Amino acid sequence: MFRPPDGLCNRGRSPVAQPLERPGGQLGEYPGIRPIEQPLARLLADPPAHPAVAEPGPDDGPITLLGLHPAGGSTAFFAGWQRALGERATVVPVRLPGRDATGGHCRAGLPSLVAALERDLGPLLDRPHLLYGHSMGALLAHRLTLRRAAQGRRLPERLLLGAYPAPHLPHPLHREVGLADAELVRRLVDFGALPESLRADTRWLADRIALVRAEIGLCGEVSGRSERRPLPCPIEVFSGIDDPLVTAAGAAAWAEHAGGGFHLHRLPGGHFFPRESPESKDAFFRCLTGLIAPLATV
């Protein structure tokens, strides 16, 4: 099975495929990785995106799990996932093509971003893989899978979608994109997207708000207007019981987009259940491990 070369951004060879940890390793093994609380410009300071160039190896190892992060976040969202999943999967966080702190990657629109994402991921999508997207990442994962289904290309063994309502429903933050900065900050703090302790860092906050606003706007392009085209691959949806943005009904409505099997996993926690508390993290990774185990050597 293909494993991206060790090191942050594959030592400059592919900034799209970013293994954050060796299985069983510690985040600190890679000094270039900084916690999510660091200034956003630093989190986005890896080399400019370009197509993946690593050649896939034989199909004899753990399945690859590609991860797409939430709006305003980064690949650091997936810190700890490799430790949690161990040898069952190779976790590959994905950096969006052309992403910068001002949201410039959003200006070309959602279809162009999804096309660039498919191009950059290259051969990783033609091997057995799982695709997980959280919040905005779930929308991107779904649109990427729709695009590949329309082309008759290989699809993920499972499409894993977290903290996002079915795409034919309105985006939960579609009205917030027009809020003043102070009000948008308050909303982000309310549902856990922004630590209260960082509100005083005005320079960091200005960058973060510009990025969040651009990426929420990207989601709004298809808010409530997505056609129902059932996908032939299984869809697994994860939803936090206390998520203020995504209702149980909104998460369950993904069933209308599933033609190859559907299951809704209701988990303890809110919008960011994979990292909120020991209870929510344990429940999420137990569920994810159970889904991956039968596919570990696809």
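These numbers come from the heavy atoms of this one structure, side chains and all, not from hydrogens, waters or symmetry mates. Remember, predicted model here, so these are calculated numbers, not experimental data.
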(message) So which atom in Ala89 and which in Leu65 form the shortest heavy-atom distance, rounded to 0.1 Å?
(response) CB-CB, 4.5 Å
(request) Would you check, one step at a time, whether the test side-chain contact (heavy atoms from CB on, under 4.5 Å) holds for His271 with Asp242? (result) CA-CA 7 Å; His271 194 67; Asp242 298 318; over 6 Å; no
(request) Please name the pair of heavy atoms, one in Pro70 and one in Phe272, separated by the smallest distance, quoted to 0.1 Å. (result) CG-CE2, 3.9 Å
(message) Please find the pair of heavy atoms, one from Pro128 and one from Arg154, that lie closest to each other, and give the distance.
(response) CG-NH2, 3.4 Å
(message) Taking Ala76's backbone N and O only, do any of them form a donor-acceptor pair with Ser74's side chain (distance below 3.5 Å, no angle check)?
(response) yes
(request) Applying salt bridge (charged side-chain N to carboxylate O under 4.0 Å, His left out), name anything that partners Arg266, two or more places apart in sequence or on another chain. (result) none
(request) Mind listing the closest non-hydrogen atom pair of Tyr164 and Ala138 along with its distance? (result) CB-CB, 3.7 Å
(request) Indicate yes or no: does Glu118 engage Arg147 in a salt bridge with an N to O separation below 4.0 Å. (result) yes
(request) Rounded to the nearest 0.5 Å, what's the gap from CG on Leu218 to OG on Ser112? Could you check? (result) 10.0 Å
(request) Work out which heavy atom in Pro97 is nearest to a heavy atom in His105; give both atom names and the distance. (result) O-CB, 3.5 Å
(request) Please tell me if the side chains of Leu144 and Leu121 come closer than 4.5 Å, counting only heavy atoms from C-beta onward. (result) yes
(request) Evaluate the side-chain proximity of His168 to Glu256: yes if any heavy-atom separation is below 4.5 Å, no if none is. (result) yes
(request) Give the intermediate values and the outcome of side-chain contact (heavy atoms from CB on, under 4.5 Å) for residues Leu125 and Leu66. (result) CA-CA 9 Å; Leu125 296 174; Leu66 302 170; 3.7 Å; yes
(request) Hey, could you give me the OG/CZ distance between Ser135 and Phe77, rounded to the nearest 0.5 Å? (result) 8.5 Å
(request) Say whether, by atom type as modelled, one donor and one acceptor occur between the side chain of Ser280 and the main chain of Phe273 under 3.5 angstrom. (result) yes
(message) Any heavy-atom pair between the side chains of Pro268 and Glu279 that's under 4.5 Å?
(response) yes
(message) Ignoring hydrogens and geometry beyond distance, is a side-chain donor-acceptor pair present between Glu157 and His129 at under 3.5 Å?
(response) no
(message) Looking at every non-hydrogen atom in both residues, tell me the closest pair between Pro165 and Leu169 and how far apart they are.
(response) CB-CD1, 4.4 Å
(request) Report yes if some heavy atom in the side chain of Val94 is under 4.5 Å from a heavy atom in the side chain of Leu140; otherwise report no. (result) no
(request) Without swapping roles, check the side chain of Arg88 against the backbone of Leu85 for a donor-acceptor pair under 3.5 Å. (result) yes
(message) Within this structure, what is the CD1-OG1 distance for the pair Ile63 and Thr90, rounded to the nearest 0.5 Å?
(response) 9.5 Å
(request) Taking atom types as modelled, find out whether Thr75 and His69 have a side-chain donor-acceptor pair closer than 3.5 angstrom. (result) no
(message) Can you tell whether the side chains of Asp126 and Arg153 come within less than 4.0 Å, N to carboxylate O?
(response) yes
(message) Under a 3.5 Å distance rule, please check whether Thr289 uses its side chain to pair with a backbone N or O of Arg286 as donor and acceptor.
(response) no
(message) So does Glu87 get a backbone contact from the side chain of Gln82, meaning a donor-acceptor N/O pair under 3.5 Å?
(response) no
(request) Using a 4.5 Å cut-off on heavy atoms from C-beta on, say whether the side chain of Ile216 contacts that of His171. (result) yes
(message) Is the shortest side-chain heavy-atom distance between Pro167 and Trp254 below 4.5 Å?
(response) yes
(message) Set out, in order, the CA-CA distance, both residues' side-chain angles and the distance that settles side-chain contact (heavy atoms from CB on, under 4.5 Å) for Leu68 and Tyr132, then state yes or no.
(response) CA-CA 6 Å; Leu68 296 167; Tyr132 179 89; over 6 Å; no
(message) Could you go through Leu159 and Leu130, starting from their C-alpha distance and side-chain angles, then the distance that decides it, and tell me whether this counts as side-chain contact (heavy atoms from CB on, under 4.5 Å)?
(response) CA-CA 6 Å; Leu159 179 59; Leu130 300 163; over 6 Å; no
(request) Nearest 0.5 Å please: distance from the CG atom of Leu161 over to the NE2 atom of His265. (result) 10.5 Å
(message) If hydrophobic clusters are built from ILVMFWY residues whose side chains come within less than 4.5 Å, do Val212 and Leu245 share one?
(response) yes
(request) Mind checking ring-ring contact (aromatic ring centres under 6.0 Å, His included) for Phe262 and listing every partner two or more places apart, or none if nothing turns up? (result) none
(request) First locate atom SG of Cys233, then atom CD1 of Ile235, and finally report the distance between them rounded to the nearest 0.5 Å. (result) 6.0 Å
(message) Quick check on the hydrophobic clustering: are Leu146 and Leu96 connected, directly or via other members, by side-chain heavy-atom contacts under 4.5 Å?
(response) yes
(message) Aromatic contact between His134 and Phe238, with the criterion being ring centroids under 6.0 Å apart: yes or no?
(response) no
(message) Within this structure, what is the CG-CG distance for the pair Leu288 and Leu267, rounded to the nearest 0.5 Å?
(response) 10.0 Å
(message) Please enumerate all residues that pass side-chain contact (heavy atoms from CB on, under 4.5 Å) together with Ala71, with sequence neighbours excluded.
(response) Met136, Glu215
